[in-house]
Amino acid sequence: GISGKLTKRGVCFCISTAYEGTYLDSYHLDLLTKPEVQIYRHSLPIFIPLQQIAKKYLQTDIRRFLAVLSDHLNAYVGRRYQADQLQEHFSDQIEGTLQRNSLCNLLVFNYNVSSKSKTFPFHARLLYGDPCCSLPTEVIVTCAPDAPQALAQTAEAHTDLFGRMALHKAFSSFSSSGESAD
């Protein structure tokens, strides 16, 4: 949600972010209103395209400006939250470190699926091309080139899952189903 209060110089906004009903962060934005609306100071991450959004909407439609800004922030914290949840709850399946950039719009990781005392490695690359979305626009899941055909089908199924649902929920779905990779 967005709340605002008038100050002597202009307006101070607080943009609260959440993902799946979990409150995550609040960001502050102070705007000067005279002689024209301009950004005075803020606590937004540097990689949020604040200047581009401001250039497009700040002078003409403050509500739209705040809505677009809120969309960017909520998508970012949603992606970050999913990556954090994955590391926190599925670290036993993640091989090495989950690689992510500051905007969390590129996630790369290796993970294992176990079945009948065998462990099968997969490599995942998730690209979030829409900065206002917390689901990836491109998912690539691969297994070893010499892997059995069933593993290639598992990789395809995971590609589909990662593209349709939150990362940690996708992991939860195939972990709890005791998915067979044989």
Side-chain angles (χ1 to χ4, degrees), residues 1-2 15-27 44-50 52-53 67-182:
I2 300 171
I15 302 170
S16 299
T17 60
Y19 184 73
E20 295 181 329
T22 302
Y23 168 79
L24 296 170
D25 295 318
S26 286
Y27 298 96
L44 280 64
I46 193 146
F47 43 78
I48 298 295
L50 178 60
Q52 287 174 271
I53 298 167
V68 171
L69 196 53
S70 179
D71 289 347
H72 276 264
L73 289 167
N74 276 296
Y76 156 66
V77 298
R79 294 187 301 266
R80 187 189 67 200
Y81 177 80
Q82 290 177 65
D84 291 347
Q85 291 295 302
L86 182 65
Q87 285 183 298
E88 186 178 328
H89 298 291
F90 300 97
S91 59
D92 57 326
Q93 290 176 257
I94 303 295
E95 189 70 37
T97 2
L98 180 139
Q99 298 169 35
R100 56 176 154 176
N101 59 3
S102 55
L103 191 52
C104 291
N105 64 353
L106 177 62
L107 303 177
V108 179
F109 56 95
N110 295 314
Y111 65 100
N112 297 313
V113 174
S114 296
S115 177
K116 297 178 188 169
S117 74
K118 289 183 185 174
T119 300
F120 302 98
F122 291 90
H123 174 77
R125 182 181 185 277
L126 285 67
L127 178 66
Y128 298 78
D130 181 348
C132 294
C133 189
S134 55
L135 287 177
T137 52
E138 181 185 316
V139 178
I140 300 169
V141 177
T142 55
C143 52
D146 58 345
Q149 182 60 34
L151 281 187
Q153 291 169 346
T154 299
E156 284 179 33
H158 289 190
T159 297
D160 180 58
L161 275 177
F162 292 155
R164 284 189 298 112
M165 62 174 45
L167 190 52
H168 57 288
K169 289 187 173 182
F171 255 81
S172 184
S173 76
F174 63 72
S175 296
S176 65
S177 69
E179 178 178 276
S180 172
D182 290 332

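Summarising the geometry, atom CG belonging to L167 is positioned 11.5 Å from atom OG belonging to S172; distances are rounded to the nearest 0.5 Å. One finds the CZ atom of F171 at 10.5 Å from the CG atom of L161 (value rounded to the nearest 0.5 Å). Note that CD1 of I53 and CD1 of I48 are 7.0 Å apart. Values are rounded to the nearest 0.5 Å. Between the OH atom of Y27 and the CD1 atom of I15 there is a distance of 10.0 Å, given to the nearest 0.5 Å. In this structure, NZ on K169 lies 14.0 Å from CG on L86, to the nearest 0.5 angstrom. In this structure, the separation between CG on L126 and CD on E138 is 9.5 Å, given to the nearest 0.5 Å.
Put simply, the residue from Y81, F162, F90 that forms a ring-ring contact (aromatic ring centres under 6.0 Å, His included) with H168 is Y81. For the pairing with C132, the side chain to side chain contact (heavy atoms under 4.5 Å, CB included) check across D71, L73, N74 returns one residue only, D71.
The six-membered or imidazole ring of Y111 lies near that of H158, with a centre-to-centre distance under 6.0 Å.
For P45 against Y76, the heavy-atom pair with the smallest separation is CG-CE2, 4.1 Å. Summarising the geometry of F122 relative to V113, their closest heavy-atom pair is CE1-CG2, 3.7 Å, with the distance given to 0.1 Å. Here the closest heavy-atom approach between residue L106 and residue Y128 is recorded as N-CD1, 4.3 Å. Among all heavy-atom pairs drawn from S102 and F47, the shortest one is O-CZ, 3.3 Å. In terms of heavy-atom proximity, I2 sits nearest to A67 at CD1-N, 4.5 Å.
Counting only distance, with no hydrogens or angles, the side chain of R79 and the backbone of C133 share a donor-acceptor pair below 3.5 Å. Remark: the backbone N or O of S134 is paired with a side-chain donor or acceptor of Q82 at under 3.5 angstrom. The backbone N or O of A170 sits less than 3.5 Å from a side-chain atom of S173, completing a donor-acceptor pair. T159 places a side-chain N or O within donor-acceptor distance of the main-chain N or O of A155, the cut-off being under 3.5 Å. Listed for the T137 side chain is a donor-acceptor partner under 3.5 Å among the backbone atoms of L127. Between the side chain of N101 and the main chain of N105, a donor-acceptor pair closer than 3.5 Å is present.
Contact of the H123 side chain with the V108 side chain is registered, since non-hydrogen atoms from C-beta on lie closer than 4.5 Å. Looking at F174 and Q93, their side chains come closer than 4.5 Å, going by heavy atoms from C-beta outward. Counting heavy atoms from C-beta on, the side chains of Q153 and L151 never come closer than 4.5 Å.
With no hydrogens or angles considered, no side-chain donor-acceptor pair links Q99 and R125 at under 3.5 Å. With hydrogens and angles left out, the side-chain atoms of E95 and N112 include a donor and acceptor closer than 3.5 Å.
Taking 4.0 Å as the cut-off between side-chain N and carboxylate O, R80 and D25 count as a salt-bridged pair.
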Would you sort out whether N110 and I94 count as a side-chain contact (heavy atoms from CB on, under 4.5 Å), showing the intermediate values?
CA-CA 6 Å; N110 295 314; I94 303 295; over 6 Å; no
Between D84 and R100, is a side-chain contact (heavy atoms from CB on, under 4.5 Å) present by the stated rule, with each step listed?
CA-CA 11 Å; D84 291 347; R100 56 176 154 176; 2.7 Å; yes
So T154 and C143, side-chain contact (heavy atoms from CB on, under 4.5 Å) or not? Walk me through it.
CA-CA 9 Å; T154 299; C143 52; over 6 Å; no
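Heavy-atom neighbours of Q52 CD from other residues, nucleotides or ligands within 6.0 Å: at or below the threshold of 12.
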